[in-house]
2 protein chains.
Amino acid sequence: MTTVADPAAPVSKPRVRDAEATKARILDAAKKEFAKNGLGGARVDLISEKAKANKRMIYHYFGSKEGLFQTVLENAYVDIRTAEQKLNLDHLEPKQALERLVRFTWDYYLKNPEFITLVNSENLHRAKHLKKSEVVKVYSRKFVSMVESILQRGVAAGVFRAGIDPVQLNITIAAIGYYYLTNRFTGSIVFERDLMSKTAIEDRLAFNIDTIMRLVAC
Amino acid sequence: MTTVADPAAPVSKPRVRDAEATKARILDAAKKEFAKNGLGGARVDLISEKAKANKRMIYHYFGSKEGLFQTVLENAYVDIRTAEQKLNLDHLEPKQALERLVRFTWDYYLKNPEFITLVNSENLHRAKHLKKSEVVKVYSRKFVSMVESILQRGVAAGVFRAGIDPVQLNITIAAIGYYYLTNRFTGSIVFERDLMSKTAIEDRLAFNIDTIMRLVAC
DNA sequence: CACTTAACGCACTAACTGGTTACTTTCTTA
DNA sequence: TAAGAAAGTAACCAGTTAGTGCGTTAAGTG
């Protein structure tokens, strides 16, 4: 974000006011703060400070701390669901498609740890914010039907067994990655090994792919 | 808690002072509050009120809010690890033993939802409290070796395949139950079904047992 | 019984926290 | 270009919160 010198204007202050940019900075800072400390632990003052925006702007754009949280959460869900859709699993063989989904889910959680913490925080509050979101429901439906169609194609091709509930499968794919990562701190103590070392992370992904493949195998 | 009339003493106040009972009441109230609102969201005043103890007592016995949290968390881990040891899995056939463990883990999470929330809260704080606990490490070792011996017996009996990492298996058994339950609120929205209905809970347990059995099968 | 120890309680505070009031500055457009 | 709308700011507030100072009362002990 370097300001390129403009020969015409000696001191160029392009866009001193930019509602969209300010909003974006607030959302970005809020995502980090909420992920780090939870809804209750996050501080509005700190969010505004890190966003280099006045606290008043948060209330101007999002109404309240909870309104801000809801927007952050909604965006997080839309982000992951959008990324999933881009995988284009319909063009792959069923087995390949499923493995790719397991791999993607793991990588996404790994690269976006805020997502996990936001979801945890939302569940602590009994999903009161997500309940209000219509967008999320629409995206979720597409997501479930994506896995459903992989399963169906696999059964038709004779590589997957019949009768698997796509929702249970979905939950399981998420679970084996999510749990490992969200509990990486207590887990590293309980199991007395560094769960986040490079090899540990590779091993876990391999184990997860294996788990899912065995689950759907005939 | 009705005070039964004592003919000898007009107003009987037996055991006005009882350190152990007060401590226990505080711990019980704290467990509920921490589980409900997390470490940051829990209120010390409310804990003391619900424990019918003076707030001063919390600082007297536990030093600080975080000291109280640490004790609550430690107790929660000791509780589940103790219950696991009581399962006496060594006396069962490997397959039966493993199924029993999956079932137990699920039931325990279901009946003790505070455990999950406490662990979540602790991971939000990067396990800084659990790190200090030596007791938990000792109990954890016993727990891992329990699953290890089931696996070994199963391999020897020719019912389980060889080469499975007991830690990975342990994590997976926990994951498929834990994730489902901790995310039951957002999950019920995303998947548009009540994940906590009686049949849903039964179905999930059956699915989990199946998942683990397929994972270890030859 | 005198005396020490530990349990217990009241009232207080310093720092914080979400939210607001009142105001200035910049941009857009009729 | 005048005026209104929108963006942005600083100072402030009322309620809350973890933590304490200090005094009181019951229980154990020689």
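Predicted, not measured: the structure shown is a model, and the values here were computed from it. Here is the naming used below: chain letters follow the sequence lines, and residue numbers restart at 1 for every chain.
For A/Asn37, the side chain to side chain donor-acceptor pair (under 3.5 Å) test picks out A/Glu33, with sequence neighbours left out.
For D/dG19, the base has a donor-acceptor partner in the side chain of B/Lys55 [N/O atoms by modelled type, under 3.5 angstrom]. The base of D/dG23 does not come close enough to the side chain of B/Arg56 for any donor and acceptor atom to sit less than 3.5 Å apart.
Atom CD in B/Glu66 sits roughly 14 Å away from atom C1' in D/dT17 (whole-Å rounding). In this structure, CD1 of A/Ile58 is placed 15 Å from P of D/dA7, rounded to the nearest angstrom. Residue A/Glu20 contributes atom CD, which lies 9 Å from atom P of D/dA7 at whole-angstrom precision. When rounded to the nearest whole Å, the span between CG of A/Asn37 and P of C/dG18 equals 11 Å. The NZ-C1' distance, from A/Lys65 to C/dC16, rounds to 12 Å in whole Å. Straight-line distance from the CG atom of A/Leu46 to the C1' atom of C/dA15: 16 Å, rounded to whole Å. Atom CG of B/Asp45 is separated from atom P of C/dA11 by 14 Å (rounded to the nearest Å). If you take CD of A/Glu49 and C1' of C/dT17, they are 14 Å apart, rounded to a whole angstrom.
Between B/Arg43 and the phosphate of D/dA18, there is a side-chain N or O to OP1/OP2 separation shorter than 4.0 Å. Considering only side-chain N and O atoms, B/His60 lies under 4.0 angstrom from the phosphate OP1 or OP2 of C/dA7. An OP1 or OP2 oxygen of D/dG8 is reached within less than 4.0 angstrom by a side-chain nitrogen or oxygen of A/Tyr61. Between B/Thr22 and C/dA7, a side-chain N or O to OP1/OP2 separation shorter than 4.0 Å is absent.
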Mind listing the side-chain donor-acceptor pairs of residues 75-92 of chain A below 3.5 Å, one per line with the distance, residues two or more places apart or on another chain?
residue: A/Arg81; atom: NE; partner: A/Glu84; partner atom: OE1; Å: 2.8
residue: A/Thr82; atom: OG1; partner: A/Val78; partner atom: O; Å: 2.5

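Note on B/Phe62: nothing from the nucleic acid sits closer than 4.0 angstrom, heavy atoms only.
With D/dT9, D/dA18, C/dA7 as the candidates, the nucleotide lying closest to the side chain of A/Asn54 is D/dT9.
Positionally, the nearest nucleotide of DNA chain C for B/Met57 lies more toward the 5' end than for the other of B/Met57 and A/Tyr59.
A donor-acceptor contact closer than 3.5 angstrom is absent between the side chains of A/Arg126 and B/Ser188. A donor-acceptor contact closer than 3.5 angstrom links the side chains of A/Ser133 and A/Glu74.
Aromatic ring orientation, B/Tyr108 versus B/Phe104: tilted (interplanar angle from 30° to 60°).
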